[in-house]
Amino acid sequence: MKFQSEPNTSAGEFFELLENSGYRWPANIEGAPKQNGFTVPQGTTVLAFHFKGGVLVAGDRRATAGNSIMYELCDKVIPIDDYTLMAIAGVPATAFEMARVLSHNFEYYRRSQLQSMSIEGKIRALSKLLKENVGMAVQGLGVVSPIFATYDPAGKKSRIHFYDMLGADFQIRTHTATGSGSQIIRGILEHEDLWGEKPLAERTREEAMTLAIRLLQTAALFDSATGQARPEDDIFPTLATLTEEGYRFLNDNETAKIFKTSTERG
Amino acid sequence: MFEEPYRWMEAVSTRHNYVQEKLKMGQPVMAVPYNEGLLIFGFAPQPGKIFEVYDRIALGGVGHPADVERLRMNLLDMAHLEGFNRSAQDVTSARLLQFGIAPALKQNFEEIQRAPYIIRMLLVEIDNEGKSNFFRMNYDGHWETFKNGTAIAGEEKVMDWLQKEIQKQPFATYSLDQALQQACKLWDESRKLESDDESKKDIPETLQEAFDQWYLEGAVLSEKSARKAIYRPLSKDEIERLKSSTV
């Protein structure tokens, strides 16, 4: 811990404080070849949609390296602050680092400036990090494709954004999904929203959870990089909601219960 | 001029007098435990006495607002860098004080060519084992730790009195409302000890006046919080309840 005779005066900018302390975001690796027509290595399925009262964010738990299953307990839905969640697809090292930087950025800003960062400011902060990361991304070493969900307690509105690897953000009005299994479920989400029992935005929390579990199970049936739930080992998808009360993750018991009822066949 | 030790000591002594005189107007900030965590609280003519430092750490300050702000920003910088580079569990009040603020403050105070910090500071936390820790630091870098609560004030005799009175009460068994009421009563009584000074003529004479003319700032670190950051400012309802029960 180092006392600075002149503390950081950059209006709550944690990334600048980090850089002043010697931290550098890895822009690219010297001499590493750039990929032509590279594909985004994102073995996963994460999704988010608006439901009545907020946003649901969910993800499977599998981490892969090529054809190998490396880990079945990966948390791909990450709390950033009390009202923000990020779901990640892509290179875990880069994605987790982005989440850590963002989390500290938002909290540092709130504590130092004595007010929360605006929703637009939060969305822009992730754009900036993705832009910093372009060098690694074009080398195929650190591509990240995140979903960013946040709730504005003052305006009582939730927002979902997804980003391209250059940092452009796109606001989603209904639903989104990313990762290798996302193509399998995007059609289902759209179908459910347009012709399901009711639009996604009118579904209750329980109905939203049920749909999310079914979608992730479906994705796992067709995409080997998306992990299926394994109730016998207490491995379930991650389910979280963002509402007026902030984020809330379902614990294992709650998920087990809802998983059981959601996957029963009619 | 300062090559002789005596002159240096004399200069340091003068600085003590200077800072203590400047601090005199500072209104008390108290920190006490309650049955779900700890409470930090104080009245002031201007807001800016109580702040969140990190997930489980809060700060109370008395003194020049610019000095409080500089040290607050330093604490924030140190805490967030440490939390990012290592872990939130490595960010503790003791480390922030012992290895961060206190040595720098002492050095600054004894370098008599530099302007001293006009500040007294409270640092409180609920540690990773759920224990409440209370620290008090003086403008010269001297710091102390307390188990059952502590207070800072502009005048030392007020500070010492509050410290003794806080120890006499079983604050840790009180609900938040009870702890607030008792702390508020102590604050009220402590004003009788304040020196009769022309500069203090604008200080509210009653609690009613304090509520009406000044800002009550308060926050809790609550063990019951489900969040990572357990700092929460007192709500309007809690302040209204306190007002109706004490005025």
Side-chain angles (χ1 to χ4, degrees), chain A residues 1-25 78-85 96-117 129 151 153 240-243 245-251 254, chain B residues 47-48 50-59 66-88 90-108 111 114-115 117 141 217 219 225-233:
Chain A
M1 295 205 188
K2 196 176 165 195
F3 182 91
Q4 308 287 329
S5 56
E6 289 305 324
N8 186 26
T9 51
S10 61
E13 185 50 68
F14 180 70
F15 198 63
E16 198 173 314
L17 174 68
L18 262 186
E19 288 190 318
N20 290 342
S21 76
Y23 179 94
R24 292 288 174 269
W25 188 268
I78 303 168
I80 304 296
D81 67 11
D82 285 355
Y83 289 96
T84 310
L85 292 168
F96 289 139
E97 187 77 346
M98 278 184 187
R100 262 163 35 83
V101 171
L102 277 186
S103 175
H104 276 76
N105 195 358
F106 294 175
E107 291 295 64
Y108 181 80
Y109 181 94
R110 184 176 63 77
R111 288 167 180 149
S112 64
Q113 306 301 301
L114 306 174
Q115 63 178 52
S116 290
M117 193 184 285
L129 279 182
Y151 190 90
T241 54
L242 257 182
T243 63
E245 279 88 45
Y247 72 76
R248 181 166 179 268
F249 281 81
L250 252 67
N251 63 37
E254 290 171 314
Chain B
I50 291 167
F51 303 97
E52 181 181 11
V53 173
Y54 204 64
D55 294 351
R56 307 173 73 84
I57 301 175
L59 159 75
D67 287 340
V68 174
E69 186 58 21
R70 272 182 76 184
L71 286 188
R72 180 179 85 87
M73 285 306 295
N74 250 305
L75 282 165
L76 282 172
D77 289 1
M78 285 190 290
H80 285 78
L81 280 176
E82 184 70 4
F84 181 84
N85 288 324
R86 292 198 172 94
S87 144
D90 295 305
V91 182
T92 64
S93 289
R95 292 190 68 223
L96 288 171
L97 279 181
Q98 194 166 353
F99 307 117
I101 296 280
L105 220 55
K106 182 178 186 298
Q107 188 176 354
N108 181 80
E111 281 179 13
R114 297 172 64 181
Y117 282 87
E217 276 187 81
S225 170
R227 305 270 168 237
K228 194 164 142 273
I230 62 173
Y231 176 95
R232 172 179 73 76

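Below, read A as the first sequence line, B as the second, and so on, with proteins coming before strands; counting in each chain starts at 1. Small disclaimer: the values here were computed from a predicted structure and weren't measured.
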Shortest non-hydrogen contact from [X] toward [Y]:
{"X": "A/Y108", "Y": "B/M73", "answer": "OH-CE, 3.6 Å"}
{"X": "A/S112", "Y": "B/R72", "answer": "O-NH2, 2.8 Å"}
{"X": "A/L114", "Y": "B/F51", "answer": "CD2-CD2, 3.8 Å"}

Exercise. Using the test salt bridge (charged side-chain N to carboxylate O under 4.0 Å, His left out), find all partners of B/R56 that sit at least two apart in sequence or belong to another chain.
Key: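 Applying salt bridge (charged side-chain N to carboxylate O under 4.0 Å, His left out) to B/R56 gives none.
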Between [X] and chain A, which part of the residue has a heavy atom less than 4.5 Å away: side chain, backbone, both or neither?
{"X": "B/L71", "result": "side chain"}
{"X": "B/D55", "result": "both"}
{"X": "B/E52", "result": "both"}

Practice problem: Compute both the distance and the angle, then confirm whether B/R227 meets the cation-pi test with A/Y247: under 6.0 Å from the six-membered ring centre, within 45 degrees of the axis. | Solution: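 Because its charged atom sits under 6.0 Å from the ring centre and within 45° of the axis, B/R227 does stack over A/Y247.
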Quick check for you: to the nearest 0.5 Å, what is the distance between [X] atom [atom1] and [Y] atom [atom2]?
{"X": "A/L17", "Y": "B/L81", "atom1": "CG", "atom2": "CG", "result": "4.0 Å"}
{"X": "B/Y54", "Y": "A/R111", "atom1": "OH", "atom2": "CZ", "result": "6.5 Å"}
{"X": "B/L76", "Y": "A/E107", "atom1": "CG", "atom2": "CD", "result": "11.0 Å"}

Practice problem: Using side chain to side chain contact (heavy atoms under 4.5 Å, CB included) as the criterion, list what pairs up with A/R100, not counting sequence neighbours. | Solution: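 For A/R100, the residues satisfying side chain to side chain contact (heavy atoms under 4.5 Å, CB included) (neighbours in sequence not counted) are A/E97, B/F84.
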Practice problem: Heavy-atom pairs under 4.5 Å with chain A are the metric here; pick the option from B/P103, B/G83, B/A226 that has the most. | Solution: B/G83
Exercise. Side chain from CB out, backbone as N, CA, C, O: work out which of these in A/R248 comes under 4.5 Å of a heavy atom of chain B, or both, or neither.
Key: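 Nothing of A/R248, per the 4.5 Å heavy-atom cut-off to chain B.
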Quiz item: How are the rings of A/H104 and B/H80 set relative to one another: parallel (under 30°), tilted (30 to 60°) or perpendicular (over 60°)?
Solution: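 Perpendicular, since the angle between the ring planes exceeds 60°.
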Quiz item: Is the number of heavy atoms from other residues, nucleotides or ligands under 6.0 Å of A/R24 CZ greater than 12?
Solution: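 Atom CZ in A/R24 is packed in, count exceeds 12.
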